[in-house]
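Residues: numbered from 1 along the sequence shown.
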Amino acid sequence: MVPPGTQLIFRFERRGDGWAEEILPHLVVEQRPLEPKKKRVYSRPDPWKEGSLECYLVDLGVPPEDVDRVVTQAVAWGINPIKRSLINWQLPALAFAVAWRVTPGGRSLIDRRRRSRVERNVRLVVEHLELECKVPFGPKGIAAILARCPEIMLCKPTTNDRWDRRAVELGAYLLRHGHCNVPEDWVENPELGLWVKRQRIARAAGQLSDERLSILQSMGFAFGEVAQLTEEWEHRFDQLVDWMLWHNENQQPFSWLGVDWGARGGITARELALWTTLQREYRDRGLLPGEALSRFEAIGVQWDNAADSTPAERRWMAWFGRLLHLIERHNPLLHQPRRNQVLQGRPKMGRPRGSTNAARGVGGGADAPDAGAPSSGELATVEENLGGSLAGDESDDEEHPAAVRRGSAAVAAARLRLQEEMGARRAALAAADLRAEPGLRFWLERQRRRWRKQELPSELALMLQLSGVQLDSYSAVEWRAVAHTAAALLQGSEISWDPSSQAAQRQRAQQAQQQQQAVQEAAWQQAQDSGDAADAPVASPLPPPQRPSPAAQLQPAGSARLRAARWVQTQQALLAEGKLSQAQLCYMAFLGITWVLSEEVVLMPEPAWQGWCAQLEAAPRPLQRHGELWEWLQHQRGLHALGWLPARRQRALAALQVDLSTFDRSPEDSEWDRQLTQLLAFKAEHGHCRLPPAAAATDAAAAAAARRWAPLAAWLAEQHRCAAAGRLPPPRAAQLAAIGAAPAAGAAAATPPPPPAAAATAQAG
C-alpha cells in the first residue's frame, strides 16, 4: 500500500563504471512525497490603464458597465449572429459558450489585430460623426451609436474608404430615425440612399464580405427589398413552371403579363400573377439576383415583349408592379422566419377550371373591419375561388372520403394563410408613404374611382384586392356617418346618427387630446432638463390644437357632395357585385335612400323621364305628399344635389316651375325624423325596438327608463295604428320595418286605441 500523499518512482539503474558497468540494469523503486501542482497563470493586461480603448469609450459617454460588452463585440474573434444577440441581451456567459474560440480560462479569444484596428479607427469614426454628421457628444449622441453597433469602430471613414464613410453616416441616420431604410431621394444626403440600395443588391448577388455584412447586421439593416431565393420564392417558381406546362399540354395561349390568369386558375393563379409582376418590377429596378434572372431566362420569360396584350394592360400592370414593390418593402411578414421555413397550407397549381365567378368582386362596407384584415365579403370571394382552384378532381373525392377531409383541411389552411397575407399587405400599404412613388397615389385613387363607376374589370379589381388595396375603404363607423350625410343631401333628411355614440366619440377625442398634450409637455421638459436646446421644440409647450367636432372626425376629407357621391357610387358597385350586405340595405332603407341603387331611377331613359314630366305638368299643385309623382320629384332634387342631373333635364324642370334647390318638406317631416332619431338611439342602447311599458316596470330603474321613453312609445304605437288603418305612407312603413319597429301581424288592428290617459304608456307591437 502506498501511503497517502506519496508516490512510487520506478527507475532502471546500471551499476559500475567503465568496463565494470553492468550490462542488464536493476529495477529501483523509491517512495517520494507528492509535490503540489502549480497552476498555470494566464497573463491578462489591464485594459483600464490611461489612454486605453475602454477609458476612451467612457470619456465619450458609454456607461462603464457596458464598456466590456461594446469592446467584446467589436474585437472578439469569430463573432457569429447568435453570439452577437446574446451579447446584446446582456448574457455574456451564454455568449462565451457559443463562441467559436475561447481561452482556457473561459474568456472569449480576442483578435489582437482587430483590437489594434479599433484603437486606430475609433477616433476617426468619432471625428467623422462630430464634424460631418453633426452628432453631438454624450450618452444620447456618439456614445449611443457606438453602444448600439460597436462593430462600426472597425470602419475607417477617410476619403479613400467610401464604404466605411457611408457606414458611419448610416449609423448617424439610425440614431436620428431609428431605422436604416434611407430613401433614395433623401435631401440631406442623396448619396447615402443610393448606397443603401447598392448594399441590398450586393447582398442579393453574394458580393458583400462577411465583415461588411456583420457591420450592417449589427445596425439592424433590412435586406428584404431585394428578391431573395427563399423557400417562398422556390415554391412560386415551381408553380409558374407547372402553370406553363398546363398551358402547353392543353394547347392554351399563355400570356406573361398575367392579366387573364385568374379567369383560368382562380385565386392561386392570381397570387402567382402578383408574384410574377413583383419579379418583373425587381428586374426593372435591378434588384433581382443573377441566379433568379438566369432561371427565368431558362424557361423563356418575356419581360417586356407581351404581344398578346394591349398597351393599356401593359401600362396598368407597370403601375401595379410599382404598387406591389412599395407594399413588399413594408410587409411585416417579409422578415419573419416563417417565410424561410417549410411552407404550410401552400396550394399547388391545380387543374384550372373552365371558368370562375369572375363577376364577383371586392367586398366590404359597413360591416367590414378596419384596414389590416380582409372583410367578410372578400373572404367569401376567396372561398369561392379557392374551391375552384384547389379542390382538384371531384371524381377522386367521391371515391375516397379521406381525400375529401384532407382537401378540406388544405383549403382551410390556405384560406387562413391568405387571410394573414392580405392583412399584412393592407398594413404595409397603410404604413407606406405613397409619395415615394410619384404618381402612384393618383393612379390608385383613379382605380378606386373606376371601380365605383363600375368601369374597372373584375379581374383587375380582384388583383388589387389581393395586393391589399381596399376599394371599399369605409369602416363601419365611417359608413354610417357618410350614409347620414348622403341622406341629408339626397332628400333633406334630419335623422342624426346615434347621439350616444357621438358623445362617446367626443369623450375619446378629448382623452386623446389630453394624452397628446401630456406627451408634448413631457418631451419639452425632458429636453430642457438634458440641456439639449436644439431638441426642445419651443420655449414652452404648444397650445392644444382646436378640437374638431365629432362629425368632422368621422367624415373623410372633401365637400359633402363629393363624399356623398363617392359613397353612393361605392354602394352601387357593391350591389352590382353582390357584396352589399343585408344590414347595409336595411340601414339605407331606414334612411329612405335605397332608390339611389336603382338604375331605373338614376339612369332613367329619356322616354320614361319625359312621361313623368308630362304627368307633372298635368297634375294639380300642390302635389299629393308621398305619392308616386311627389317621390319622383324628390328623387330629381336628390340627383341635382349630387350633380348627376343633366343640364337639359334641369332646364325642363325649371320650365315647369320646379325649384330644385330645396326639398318639399313640412314640419311633420321634421318631427318624423326627430322621432326616428330617438328610435335609433333606443336601438343602439338596447339592441331592439321593443319599448318598455310603464306597467311592466319591476323596480325604480325600470320605471325611470319607461318614463324616459314613454313619449317615443306613444308615438310608435300611434304609427302602428295608422299602419293598421292604411293611413301610414308606404315609404314611412318601410323605414319602420327596416329598423325592426314594424307592428306584429294583426296586433295593431286587433288592439283598440288606448284612452288619452294611457297613450303615453302604450307598448309598441
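A donor-acceptor pair under 3.5 Å is absent between the side-chain atoms of Arg270 and the main chain of Met463, judged by distance alone. In this structure, the side chain of Trp443 does not engage the main chain of Phe320 through any donor-acceptor pair within 3.5 Å. Side chain of Gln650 to main chain of Leu645: a donor-acceptor pair is present (N/O by atom type, distance under 3.5 Å, no hydrogens or angles). Distance alone, capped at 3.5 Å, is enough to place a donor-acceptor pair between the Arg561 side chain and the Leu642 backbone. A side-chain donor-acceptor contact under 3.5 Å links Arg448 to the backbone of Gln470.
The aromatic ring centres of Trp479 and Trp567 sit less than 6.0 Å apart. Annotation: His484 is in aromatic contact with Tyr587 [ring centroid separation under 6.0 Å].
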Throw together a table of side-chain donor-acceptor distances under 3.5 angstrom for residues 731-741, partners on residues two or more places apart or in other chains.
from, atom 1, to, atom 2, distance (Å)
Arg732, NH1, Glu668, OE2, 3.3
Arg732, NH2, Asp669, OD1, 2.6
Gln735, OE1, Trp672, NE1, 3.1
Gln735, NE2, Phe590, O, 2.7

Which atom pairs, donor and acceptor, lie under 3.5 Å between side-chain atoms of residues 610-623 and protein residues at least two apart or in another chain?
from, atom 1, to, atom 2, distance (Å)
Gln610, NE2, Glu606, OE2, 2.6
Arg621, NH2, Leu656, O, 3.2

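By the 4.5 Å heavy-atom criterion applied to side chains, Trp275 and Glu271 are not counted as neighbours. The shortest side-chain heavy-atom distance between Glu685 and Trp709 falls under the 4.5 Å cut-off.
Taking CG from Leu456 and NZ from Lys453, the interatomic distance works out to 12.5 Å, rounded to the nearest 0.5 Å. Trp316 CH2 to Gln447 CD: the interatomic distance, rounded to the nearest 0.5 Å, is 6.0 Å.
Residues forming a side chain to side chain contact (heavy atoms under 4.5 Å, CB included) with Val601 (at least two apart in sequence, or on another chain): Trp595, Ser598, His635. Every residue two or more places apart in sequence or in another chain that forms a side chain to side chain contact (heavy atoms under 4.5 Å, CB included) with Val602 is listed here: Gln572, Leu639, Trp644. For Ala647, the side chain to side chain contact (heavy atoms under 4.5 Å, CB included) partners are Arg651, not counting sequence neighbours.
Annotation: Gln624, atom CD; neighbour count of heavy atoms from other residues, nucleotides and ligands within 6.0 Å does not exceed 12.
Counting only residues at least two apart or in different chains, side-chain hydrogen bond (donor to acceptor under 3.5 Å, both in side chains) contacts with residues 652-663 comprise Asp659-Ser661, Asp659-Thr662.
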